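Here is how names work: the chains are called A, B, and so on, in the same order as the sequence lines, proteins then strands, and each is numbered from 1. Keep in mind the model is a prediction, meaning the values are calculated, not measured.
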Amino acid sequence: MRIGVDIGGTFTDMVAVDELGAIITTKTPSTPDDPSLGVADGLALLAQRLELTLPELLGRTELLIHGTTVATNCLTERKGAHVGLITTRGFRDVLELREGTKARRYDLHSPFPQPLIARPDRLEVPERTCWDGSVQAALDEAAVLAQIAVLRAQEVEAVVVGFLHAHVNPAHELRVRELIAAQGWDVYVVLSHEILGSEGEYDRFSTAAVNAYVGPRLSTYLRRLRERLEGAGASFPLLVMQSTGGLLPVDESARYAVGCITSGPAGGARASALYARLMQAERVIAYDTGGTTTDISLIERGMPIERRKTELEDVKIAVPSIDIQVVGLGGGSIARIDDGGILTLGPDSAGAAPGPACYGRGGGLPTLTDANLALGYLSSTTFLGGRMPLRRDLALAAIETAVARPLRLDVEQAALAIHTLASSRIAESVRAAALRRGMDPRDLTLLSFGGAGGVHAASVAAELSIPEAVVPREASVFSAMGFLAADIRLDGQIPFGKPLDEVQAGELSEVFAELEGRMRARMEACGFGAGQVRLERFLDCRYKRQNSTLEVMVPEHAVGLPPGQWLVEPFETRYRQYYGHVHHGEPPFIEICRVSAYGLITAQGGPRPSDHGAGTLPRPPGFEARRRIHLGRWVDVPAYWFDELRSGADLSGPALIDSATTAVLLPDGCQAHVDEFGSLVMHNHARKPA
Amino acid sequence: MNASHPSLRPAPDGSVDPITLSVVRYKLLAIAEEVVEVMTQASFSPILNQSRDFSSAVLDGDGMVLAQAERVPIHMGALSFAVKLMIEAFDGDLREGDVLMANDPYWGGSHLPDVTLAAPLFVDGQIRLWVANRAHQGDIGGISPGGYSPSAREIWHEGLRIPPVKLMDRGRVREDLLRLVCTNTRTPADMRGDLMAQLSSVSRGVARAADLYARYGARTMGRACGAILDAGERAMRRQLANWKQGEFEGVSCLDPLAPGQEALPVKVRIVLRGDSAIVDFRECADQQPSFINSPLANTKASVNVAFMYLSGGQDAQNDGSTRAIQVLTRPGSFVDPIEPAPVTACTTLTASVIIEAVMRGLAQAAPERVVAGYARRFRLAISGMDRNGRHFIWHTFANRGGGGAHDAADGWSNLGVIHNPGGSPSPSVERTEAAFPFQIETYALRPDSGGAGRMRGGLGGVYVLRYEGSAPATVTPTGDGAYTAPYGLAGGADGQPHHYTIERDGQELPLGAKEASLTLLPGDRIICRSAGGGGYGDPAQRDPSAARRDVEYGYISQRRGPQAA
């Protein structure tokens, strides 16, 4: 038995897969003060549903895979540790200078983002390593000891050590860690070159600062969780989902805290990749419309596409993660008439509190959810499986006041305007995300898994001329499913920094041999022998005149070959995909050698969802098999309870498909079927619209 | 599946239904975004595809901007001038499949490196929309590589002038014209590649616009476009009506163009009456034999940028908004020059000062929205031999200077110029040292550089570069703001201006922004102290905890203390 656990803001989701691949899920309330309590509750419920005692369940569990928002919340709420920095003399302000950039360039009124380490806690010492790794000025150890004493007196909880060119020669950073330990100071220490072994002091220092900022809280939390599990009798390994979609053992994860900043959404992308593999879809674009945002990710050949850098809350994180593009549109997005008199939607959101008007929690502004309720696409009695009764009267009143009356429309027309604008915005965002990766949306399969996305999926696919839109059945516990489809993953890199035509024979193989040795040793420490480890090698390359790099995978047959024999073609293919052309005859510049090591734990590629099992929940008492909805005029349509639909079922629109977490609108003239994995697949035969 | 939403009853008064209107407005914006996205992917020179120094717009048949992709603020509304003059130049001699090109400042352009392509969308034999793209090309000929020539005295010194021409004629690229243009730059391959990228981007935009017309029909689209412009106008007028009425004056000065000369003021008189504004630059001096002249399109675009910063959202911004703002200039002045005045610095140096003058003029009318002065652009170019004996040219992109404070917050440190705050990340110290014969000894905040105020100006920086080459090199400064300090507002103090020096044998030699090239000797240090932003409001009213923190954090040195600051 393997268990995936996703702790969200409201619910803790669990998915268990047994030895035969059967799936059981639970959903219990989260316990924000001590999230590990919610995990214990979930496990108890899981045991109950399996008709086991808790010790029996824990005894049969091989692995528990965990996605956590502790690190994310720590950063976004600015509730991290008190961190100090020891750096090269002359460079204490690197974090505050931020490379001279600003996320929203033309909004001159937003406040200056305070760095994660305040200026008095950023201390300098005399030392200097040069660009080629030579030491120009030795580390002044007396000065280091003095600065350690200062930070200790200021009671910092974590220390970042960041020196210039430490990625080339880390000796001074390593020595400072020894000096800290020699003082008997037990503090969370982060060395910039260990977090990120590449050129660029701002990238390294900023990423290390995030690690130090969220690390102590994450460590405490993971320790508490492990103690609670062990106290209940667990002896299985605990793994933590990373932003890359890979897993880390709990100790590595506590040290490499920056790696799980987008752990939860990575699970969703990972699950999308699982479905892409099962459906044998070459390219999938997945969108997750939730309460406040739409998260978009792309899956190519069964793997989520990654990015090298992330900007989150004005903080730069320069380690790889799944490329999830976030658009400010969700069920809570507020509809209003702008100064010019035209309807707009978002990006501001009513959030969970006060929430949409129909939640009855005092929110008076109309949201997308209110519009979908007003049109009958959402049901006031079966929303979230009936756990959240909605007030249609409040939704209508809010739409009437803020949208219908100023535009002189009926309230239904106003609601339809909001719904239609939302579909257009999701569609254009999906189109933009695909284009950015050099892909034509028409070649993609669309996957919708967020709670608020299902009522728009068919329109989004039609607007983009995408032939198939898929809504998976396991949407309620999608991220947790993704956790179970992941393997352990460790990433390592060594800077290379040479144009292809200057690479000496054997030079690259040597670098890779060293890197692979390191990675295998780390894997060994995680309990993975040679037979259970798969390595992927990459070169980050660019043209000399270019700043950003593109990643080129080293094919198995090319390992050990001089790069001159194989690199140009895949580099140019990649460059052409992004930029539409290449510079013939210009040699690629090899910036970085990287290795991703996978410790293989997934049997047959992870869980295999089907049309039953899983979250099978009985239809709630308020469910009605016929509903009245507005499609330009009021019509009666059949409604289906998603969990009751079996593989092979065919449906014709107009119809609604409801589940405990989402509602799907099958528009007039649209056909759908349920596939062997239990997903609803809608077909687009419409001609290409604008 | 059938995605087209059920249409509403046609509105009886010939107006367009609100669903269509909001969706069409959003889709026009998405087309403009798609054009720049195609440009990002297809642009040829690595510099252009990273700096993204381009923008695009969708315009109506008369050349009014309906939607614009937000990339370079100074292109805001400027494309309209270029397209209108293209329409005029061809006077009806346009066919389906034509794509026009121009860069000339005296034909609606800004400066010569900015090349504009525009393609019409024909429906039923009529031009309904234009899709335009403007990109800053790496080189356009002229005296200096890259086009910025302080020594230019006439527009012809600045490079190749392209009046409106057909780069594509009924679907066929004019190879002869392409050869002519590429022959006139130092980087012909980049120019050809980037022009082709521009061409494919506007073609994509036209194809998407055609889809939109096919879906909604010419009648509805025509009405929607009109309504979108009306909405832009309504939004701007509503904004203006909320500001204090009256007549205001604003002045901001360019540094003296040569040592010993007077600073050159941009003077503006702004009349706010009812829901409209008159922005009058007729007091400005005659055009100058210097690259700082700002053609009318650039001057008006700068005014648009200032109003964009001052208004809340830019969602509703389009050429409709500019109907509420009348800009008056005197032909022959340096903000409305006539041929042959040179203009290359207009999009950077002069644009900043025009924005500043408008901002200062409106300080009393919209006190919650105006911002105090930002650091101006001051860059160095160093050329010499690198460690491998190869020739190099290096430009400073780090150390941008502080942003101005405003009513509600301190200014941003190290943000740079008001005409383009932020921008691409500056290269790392590590990359700079690895690639060039320099050691960077310090890159830090510059204490006491931000103007004091209830809200403090953002800090500039200190960037110390030691030249480690084995032979002398040449340093060429270009920029502004070494003389003029970023202004404070509402009782706030000015920031410190730029202060650059060369340290040689223990002596510090001043390094001005408008000087000719200087020789740099091995071992010389260049000390760049960039300007701090202006402060806002009375310093005595600064929140005591913020004042204490300024000292504790070393933003203000102990010596000056919070009160004396």
Side-chain angles (χ1 to χ4, degrees), chain A residues 90-93 96-97 99-102 105-106 108-109 111-112 119-120 131 164-165 199-202 338-344 407 409 413 416-417 420-421 424-425 428 432 435-436 438 458-459 462-463 543 545-548 578-581 631-632 667-670 682 684 686 689-690, chain B residues 1-6 8 18-19 21-23 25-27 30 33-34 37 41-42 44 46-47 49-50 73 193 211-212 214-215 231-232 234-235 238 309 315-316 371 400 406 408-410 412-416 421-422 425-426 428-431 433-434 441-445 461 552-554:
Chain A
F91 295 92
R92 71 190 287 211
D93 290 328
E96 195 160 342
L97 294 164
E99 311 178 289
T101 58
K102 184 175 199 298
R105 286 165 69 175
Y106 313 129
L108 300 188
H109 296 85
F112 183 72
R119 200 161 193 253
W131 63 278
L164 287 185
H165 301 294
E199 184 186 83
E201 68 279 356
Y202 181 73
D338 72 10
D339 273 353
I342 299 182
L343 175 67
T344 61
L407 292 179
L409 294 176
Q413 290 174 330
L416 195 57
T420 307
L421 184 58
S424 285
R425 284 204 48 196
E428 294 300 339
L435 289 170
R436 250 171 242 138
S459 313
E463 286 219 24
Y543 285 120
R545 295 177 286 165
Q546 195 180 10
N547 282 326
S548 56
Y578 280 28
Y579 301 115
H581 65 269
L631 295 168
D668 199 1
C670 180
M682 296 183 271
N684 176 18
Chain B
M1 65 196 85
N2 178 7
S4 59
H5 64 79
L8 298 173
I19 297 187
L21 183 55
S22 58
V23 171
R25 186 174 71 170
Y26 186 73
K27 284 189 171 286
E33 290 286 352
E34 186 164 339
E37 207 50 62
Q41 284 170 37
F44 189 75
I47 297 306
N49 66 36
Q50 289 166 90
D211 288 346
L212 208 52
R215 177 162 168 186
R234 204 175 302 125
R238 192 169 290 186
Y309 288 151
D315 260 13
V371 295
R400 297 172 179 184
H406 54 88
D410 291 346
W412 283 52
S413 297
N414 196 38
L415 183 63
S426 40
S428 67
V429 167
E430 291 172 345
R431 169 71 71 91
E433 292 187 347
E441 296 186 337
T442 298
Y443 186 20
L445 294 170
E552 188 198 335
Y553 281 28

When rounded to the nearest 0.5 Å, the distance separating CG of L409(A) from CG of L416(A) is 10.0 Å
Chain B shares the most heavy-atom pairs under 4.5 Å, among E96(A), R92(A), H165(A), with H165(A)
CA sep, side-chain torsions, deciding dist, call: W412(B), R400(B), side-chain contact (heavy atoms from CB on, under 4.5 Å)
CA-CA 11 Å; W412(B) 283 52; R400(B) 297 172 179 184; over 6 Å; no
Turns out that what part of A408(B) lies under 4.5 Å from chain A's heavy atoms comes down to neither
Of A409(B), S22(B), G554(B), the largest count of non-hydrogen pairs under 4.5 angstrom with chain A goes to S22(B)
Most heavy-atom pairs under 4.5 Å with chain B, out of T101(A), L407(A), L108(A), belong to L108(A)
Bottom line for V371(B): the part with an atom under 4.5 Å from chain A's heavy atoms is side chain
Margin query: So E201(A) and F91(A), do their side chains get closer than 4.5 Å, heavy atoms only?
Written below: no
Whatever's closer than 4.5 Å to a heavy atom in chain B on Y202(A) counts as neither
Sorted by chain and number, sequence neighbours left out, side-chain contact (heavy atoms from CB on, under 4.5 Å) with E441(B) holds for V464(B), R466(B), R525(B)
So, the part of Y26(B) with a heavy atom under 4.5 Å from chain A: the answer is side chain
Rounded to the nearest 0.5 angstrom, the CE-OG distance for M682(A) and S459(A) is 9.0 Å
Chain A shares the most heavy-atom pairs under 4.5 Å, among A444(B), G422(B), G461(B), with A444(B)
Note: vs chain B, highest number of non-hydrogen pairs under 4.5 angstrom among H109(A), E199(A), R425(A), R119(A) is H109(A)
Applying side chain to side chain donor-acceptor pair (under 3.5 Å) to S424(A) and not counting sequence neighbours gives E463(A)
**Item:** Carboxylate-amine/guanidinium proximity below 4.0 Å for R25(B) and D338(A)
**Value:** yes
In terms of heavy-atom pairs under 4.5 Å with chain B, the winner among L164(A), L343(A), L97(A) is L97(A)
